[in-house]
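Below is one structure; the comments refer to it alone.
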There are 2 protein chains.
Amino acid sequence: MERFVSSFRNKVDGKGRVSVPAVFRSVLARQGHSVLYAYPSPGAPALDCGGERLIGEVSALLEGLPPYSDERDLLSVELFGRCEELKVDGDGRIVLPDDLRTHAGIESEAVMVGLGHKFQIWEPGRFEARRAESVKRVGELRSLLGRERPGDA
Amino acid sequence: MERFVSSFRNKVDGKGRVSVPAVFRSVLARQGHSVLYAYPSPGAPALDCGGERLIGEVSALLEGLPPYSDERDLLSVELFGRCEELKVDGDGRIVLPDDLRTHAGIESEAVMVGLGHKFQIWEPGRFEARRAESVKRVGELRSLLGRERPGDA
DNA sequence: TGGGTTTTGATGGGATAGCATGGTTAATAA
DNA sequence: TTATTAACCATGCTATCCCATCAAAACCCA
C-alpha cells in the first residue's frame with residue numbers, strides 16, 4: 001500500500017508497547033527501513049507518525065531556514081527535539097516513550113488513524129471527541145473537495 | 001541513523017563527565033571517527049555539538065563571508081576560537097571543559113537535544129524555558145508547516 | 001455456501017544485551 | 001611526588017529480543 005488509511009484501536013501494555021497495524025507497517029517498509037518517527041502533533045493532543053518521507057519533509061522545511069537563525073533553532077527544538085525514532089520490533093510493536101504518552105494522554109489503549117502521508121496516535125476518548133467535531137466540519141468543508149488546491153499531493 | 005533527533009537528560013559527575021546518548025554516538029560514528037566538536041551556541045546559553053559534518057558546514061559558512069571583514073573575524077573567533085574537540089571515551093562519555101560548562105550554566109545535569117544536523121547541550125532549567133518559547137513559536141508559525149493544521153483529523 | 005483448516009496479526013511474559021552511571025586504577029604532566 | 005586526566009571495571013536499570021498464546025481473517029474443498 002501507498003498511504004496510511006483506516007484506523008485501529010490497540011492495547012498499550014505495561015511496558016508501553018503497542019502494535020503498529022500491519023497495513024501501516026507495510027507502508028513504512030515501502031519507504032525503506034522499518035523505522036518510525038513520532039512527535040507531538042502541533043496543536044493537538046496526539047502524536048504524528050510517519051516514516052522516512054515524513055521526517056524528510058520536516059528536514060526540508062527546517063533546512064530552508066537560515067542556519068543559526070533563532071527561527072530555525074527554535075523550530076528544531078520542537079520538531080526534532082521532541083521527535084523520537086522508534087524501532088519496530090520483530091513482532092511489529094513500538095514502545096511509546098513516556099513524554100509522548102503524556103502529551104497524548106495515552107494510558108492502556110491507543111487509536112491509530114491513517115491520514116495519508118502520516119498517521120496519528122490518539123487516546124481513544126479524545127479521539128472520539130475530535131471525530132465528533134470533525135464530522136460536523138466535514139459537512140462545511142465538503143465544497144473544498146470539489147476543486148483542486150495548490151500543494152495537494 | 002541520519003540526524004540527531006529526540007532529547008535526553010543525563011547526569012554530569014564530579015569529573016565533568018556526561019554520557020553522549022547512544023543514538024547520537026551512532027550518528028557521529030556514521031560521519032567518520034567518534035570525535036565531537038562543541039562550541040557556545042551563538043545567542044543562547046547552550047552548546048552546539050556535532051561531528052565532521054557540522055564543522056564542515058561552519059567552515060563553509062565562514063568562507064562565504066568577505067575575507068578580513070569584521071563579521072568574519074568576529075564569527076571565526078566565536079565559532080572556531082571557542083570550539084573544543086572532545087573525545088568520546090570507551091564508555092560513550094565526554095568531559096565538558098570548564099569554560100563551556102560555565103557558558104551553559106551546567107552543574108550536575110544536562111539536557112541534550114537533537115536538532116537534525118547538530119545537537120545542543122542545555123542546563124535543564126534553562127532548557128525548559130527555551131522549550132516553552134519554542135512551543136509558542138511553533139504555534140505562531142504553524143502555517144509554515146503547510147497542510148499540517150490542528151484540524152487535520 | 002458452509003464448515004473446517006491454515007495463515008496472519010495482536011498480545012503477554014520471561015530472558016538477554018545494551019546503556020547510563022559510579023567508582024578505581026593506571027598514565028601523564030607540573 | 002602531587003594534581004589531573006584518561007583508561008578500566010562493576011552495577012543496576014531498561015529496552016530489546018524471543019517464544020507462547022489467542023483471536024480473527026483468509027483460504028480451501030467439498
Side-chain angles (χ1 to χ4, degrees), chain A residues 1 4-30 33-38 47 49 83-102 106-114 119 121-124 127, chain B residues 1 4-30 33-38 49 84-102 106-114 119 121-124 127:
Chain A
M1 211 194 302
F4 301 103
V5 296
S6 181
S7 51
F8 305 86
R9 178 174 178 153
N10 288 343
K11 311 260 181 202
V12 180
D13 70 16
K15 301 181 188 174
R17 294 182 300 185
V18 211
S19 283
V20 177
V23 288
F24 287 5
R25 295 201 304 262
S26 78
V27 177
L28 291 173
R30 202 166 273 240
H33 353 46
S34 280
V35 281
L36 182 158
Y37 297 90
L47 308 175
C49 305
C83 180
E84 303 277 352
E85 182 181 301
L86 306 178
K87 286 175 284 296
V88 179
D89 70 19
D91 299 326
R93 287 180 286 194
I94 54 171
V95 178
L96 284 182
D98 278 343
D99 61 325
L100 292 184
R101 267 175 81 175
T102 305
I106 290 169
E107 308 258 330
S108 64
E109 285 190 288
V111 171
M112 314 180 114
V113 200
F119 66 93
I121 307 182
W122 287 79
E123 187 278 322
F127 177 66
Chain B
M1 211 200 302
F4 299 102
V5 298
S6 182
S7 47
F8 305 85
R9 180 175 178 152
N10 287 344
K11 312 261 182 202
V12 180
D13 70 15
K15 305 179 192 170
R17 294 182 300 183
V18 211
S19 283
V20 177
V23 288
F24 287 5
R25 296 201 304 263
S26 79
V27 177
L28 291 172
R30 203 168 274 237
H33 358 41
S34 280
V35 281
L36 184 157
Y37 298 91
C49 306
E84 303 275 353
E85 182 180 312
L86 305 179
K87 285 204 319 276
V88 179
D89 71 19
D91 299 326
R93 287 181 285 196
I94 53 172
V95 177
L96 285 181
D98 277 342
D99 61 326
L100 292 183
R101 263 174 88 174
T102 306
I106 290 169
E107 308 258 331
S108 65
E109 285 191 289
V111 169
M112 312 182 125
V113 50
F119 66 93
I121 307 182
W122 286 79
E123 187 278 323
F127 179 68

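Chain letters run A, B, ... following the sequence lines, proteins first and then strands; every chain starts at 1. Just so you know, these numbers use all the heavy atoms, side chains as well, and skip hydrogens, waters and symmetry mates.
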Where the side chain of [X] is concerned, which of [options] is the nearest nucleotide?
| X | options | value |
| --- | --- | --- |
| A/D89 | C/dT21, C/dG23, D/dC17 | D/dC17 |
| B/D13 | C/dG22, C/dA10, C/dA20 | C/dG22 |
| A/A22 | C/dT24, C/dA10, C/dT21 | C/dA10 |
| A/V95 | C/dA10, D/dT16, C/dC19 | D/dT16 |

Is a salt bridge present between B/R93 and B/D91, judged by a nitrogen-to-oxygen distance below 4.0 Å?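 Salt bridge: yes.
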
Can you check whether B/V113 reaches B/F127 side chain to side chain, under 4.5 Å on heavy atoms? yes

Gap between atoms [atom1] and [atom2], on [X] and [N] respectively (whole Å):
| X | N | atom1 | atom2 | result |
| --- | --- | --- | --- | --- |
| B/K15 | D/dA6 | NZ | P | 11 Å |
| A/N10 | C/dG12 | CG | C1' | 14 Å |
| A/K11 | D/dA24 | NZ | C1' | 15 Å |
| A/F8 | C/dT11 | CZ | C1' | 16 Å |
| B/I94 | C/dT21 | CD1 | P | 12 Å |
| A/L96 | C/dT11 | CG | P | 13 Å |

Counting just side-chain N and O atoms, does [X] come under 4.0 Å of either OP1 or OP2 of [N]?
| X | N | value |
| --- | --- | --- |
| A/R17 | D/dT14 | no |
| A/K87 | D/dT16 | yes |
| A/R93 | D/dC18 | no |

In terms of ring plane angle, is the pair B/F24 and B/F119 parallel, tilted or perpendicular, where the classes change at 30° and 60°? tilted

Both B/R9 and A/S19 contact DNA chain C. Taking the nearest nucleotide for each, which residue is further toward the 5' end?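 Its nearest nucleotide lies further toward 5', so the answer is A/S19.
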
Rounded at 0.5 Å granularity, tell me how far CG in B/N10 sits from CD in B/E109.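 B/N10 CG to B/E109 CD: 8.5 Å, rounded to 0.5 Å.
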
Write down the atom of B/E123, the atom of B/I106, and the distance for their closest heavy-atom approach.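 Scanning both residues completely, I find the closest heavy atoms to be N-CG1, 3.9 Å.
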
Can you say whether a donor on the side chain of A/D91 sits under 3.5 Å from an acceptor on the base of D/dC17, or the other way round?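 Answer is no: no donor-acceptor pair is held.
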
